[in-house]
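Here's the structure we're looking at; comments come further down.
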Amino acid sequence: MTRVHVAGAGMTDFGKAPDRDAFQLGREAVWKAINSAGIDPQRLDVATAGHVYQGPSFGQRVLGEMGLTGMPVINVENACASGGQAIAVAYSMIKAGQADVALALGAEKLTKPGGGFLPVVNQDLESSMGRVLPSAFAMVAQRYLRTYEATPEQLAAVSVKNSANATLNPNIPSARAYTADEVLDSPMIAEPLTRYMCCPVSDGAAAVILVSDRVASELTGPTAELAASVINSGRRTKYGIVDIESEMSRRAAADAYRQAGITASDVDVCETHDPFAIAEIIHYEDLGFCGPGEGGAFAAEQRGAIDGEVAVSPSGGLLAKGHPLGATGTAQVAELYWQLTEQAGQRQVPGARIGLAHALGGGVTGIESGACSVHILKQN
Amino acid sequence: MTTDTARWVWPGLVDTTGPGPRLMGSRCTSCGTIFYPPVADCPDELLQGATEPLPLSGRGTIAAHSVVQRGLPGFPSPYVLASIELEEGPACIAQLDDVDSATVEPGLAVEHVVGVIRTDPDGVDVHGPKFRVVERGGSR
């Protein structure tokens with residue numbers, strides 16, 4: 001069975017894009033990915049398109065105008081893991097021998113023309129009861145701080161790190177490095193989470209090109225092996241979305257480590273699902289970078305810095321980039337591709353050989369969360 | 001008013017046919033697991049239609065809470081949202097009714113009341129289960 005390789009990646013700026021729609025954003029990301037791979041676009045065997053709110057046949061509407069027509073276009077929705085899901089579908093098709101060259105696109109337009117944000121339609125019980133995500137994560141933070149005697153200063157340390165990383169990422173025009181005091185003194189969104197501990201609302205798109213062994217050997221540009229691809233769904237847990245560990249993240253990471261034949265200590269660079277600072281702290285533990293209750297200290301000691309034990313969110317993470325739902329998972333894998341092929345510029349993690357991308361989300365009452373994706377890349 | 005014609009946030013959460021509104025869960029007739037919100041099947045045993053309706057005590061304790069300063073349109077912002085551990089075991093997320101957020105802390109006893117969850121764009125109030133802090137020294 002062939003291995004799968006990432007052969008190219010492209011992304012738009014992440015931020016508010018008042019003058020551009022999701023189709024324009026998507027096309028920019030796809031062209032950049034194709035050009036990055038140096039591959040004839042006619043060779044695409046399949047395209048997948050991850051998004052949540054962009055409507056029917058979104059992928060075809062992006063690709064049709066580019067002339068990329070006729071191949072199977074698979075639109076996938078899996079909440080915050082839609083981009084990861086798009087990559088997972090493309091990965092499976094190459095593994096199965098159904099494709100040699102696949103495009104995985106993720107895109108989302110979350111702001112709307114004229115200001116304000118798209119109303120989120122809820123078919124979920126807890127959402128109908130008034131559960132909004134900043135408050136859900138505030139409850140997570142409240143329980144975590146109380147259980148482990150963690151502190152707001154430890155939460156702020158995550159935002160300090162990620163905001164500084166973001167200033168090294170040319171795809172985040174709004175990036176600014178915050179001090180701990182600035183983070184703690186920014187307006188309270190949902191106690192103990194201040195504004196700079198919450199991700200901004202962003203638009204964006206990102207795409208990657210995946211290829212089989214055969215095609216990888218023909219290409220002259222750098223590739224990275226996609227050594228594990230895992231998707232799962234949440235199980236019934238007592239506190240659901242306000243639990244202080246993510247069972248599904250732990251399960252997905254364990255499966256991915258097994259697939260890739262590595263352990264958590266082998267990971268050099270990680271893009272984790274950090275829409276709120278508390279999420280990154282919990283995921284340090286879930287992904288195995290430290291033990292239960294040690295995430296706060298891990299953050300405070302900056303063990304996740306670019307020159308730390310494992311670089312976490314060197315791109316700036318969701319905290320700085322925002323979380324344009326469908327684009328998040330593909331942007332994470334794009335970042336890892338650049339890191340492992342030494343194309344990450346000023347935010348390059350020295351000697352990065354193994355990367356992990358983790359996305360998670362989708363509020364579904366009764367289970368922890370809708371979907372989780374974990375991908376592991378290895379330097380070729 | 002919470003009559004038969006009232007608009008409810010979700011079907012089956014509250015039984016209003018008796019003398020007072022009862023919070024409703026469900027229980028698997030096979031394994032005995034209690035669910036809130038109620039489910040038709042037993043997800044623990046993968047048994048179709050295995051549960052029966054179960055009136056709950058409506059009593060619980062606060063596991064965590066958060067003040068929603070600016071909720072979605074129609075919600076009574078600011079309001080207090082809480083994760084509540086029900087006496088029968090399940091946990092749920094609901095609004096606290098008529099509460100001073102400064103006094104809320106984990107472990108506080110609460111009880112179920114019916115209240116307005118939000119107001120729809122047509123001006124109609126949407127009812128559903130909320131929770132109220134139990135006064136020290138007993139409720140009601």
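Since the structure is predicted, the reported quantities are computational estimates derived from the model, not experimental observations. Each chain gets a letter, A, B and so on, in the order the sequences are listed, and its residues count up from 1.
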(request) Applying side chain to side chain contact (heavy atoms under 4.5 Å, CB included), run through Ser83(B) and Arg143(A) and close with a yes or a no. (result) CA-CA 10 Å; Ser83(B) 171; Arg143(A) 294 187 64 223; 5.5 Å; no
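Looking at Asp44(B) and Arg236(A), their side chains come closer than 4.5 Å, going by heavy atoms from C-beta outward. Within the 4.5 Å cutoff, no side-chain heavy atoms of Glu126(A) are placed close to those of Trp10(B). A 4.5 Å side-chain heavy-atom check between Met129(A) and Pro129(B) finds at least one atom pair inside the cut-off. Residues Thr365(A) and Pro37(B) form a side-chain contact, since some pair of their non-hydrogen atoms from C-beta on lies under 4.5 Å apart. At least one side-chain heavy atom of Leu125(A) sits less than 4.5 Å from a side-chain heavy atom of Leu13(B).
Contact of Val68(B) with chain A is made through backbone and side chain together, with heavy-atom distances under 4.5 Å.
Listed by sequence position, the residues of residues 272-281 of chain A in contact with chain B number zero, using a 4.5 angstrom heavy-atom cutoff. Inspection of non-hydrogen atoms places Lys238(A), Tyr239(A), Ile241(A), Val242(A) of residues 237-248 of chain A under 4.5 Å from chain B.
Within 6.0 Å of CZ on Arg195(A) lie no more than 12 heavy atoms contributed by other residues, nucleotides or ligands.
Here the closest heavy-atom approach between residue Arg118(B) and residue Ser128(A) is recorded as NH1-O, 3.4 Å.
Rounding to the nearest 0.5 angstrom, the gap separating the CG atom in Leu81(B) from the CZ atom in Arg131(A) is 8.5 Å. Considering CD of Gln95(B) and OG of Ser135(A), their distance stands at 10.5 Å, rounded to 0.5 Å.
When atom types are taken as modelled, the side chain of Gln142(A) and the backbone of His65(B) share a donor-acceptor pair closer than 3.5 angstrom.
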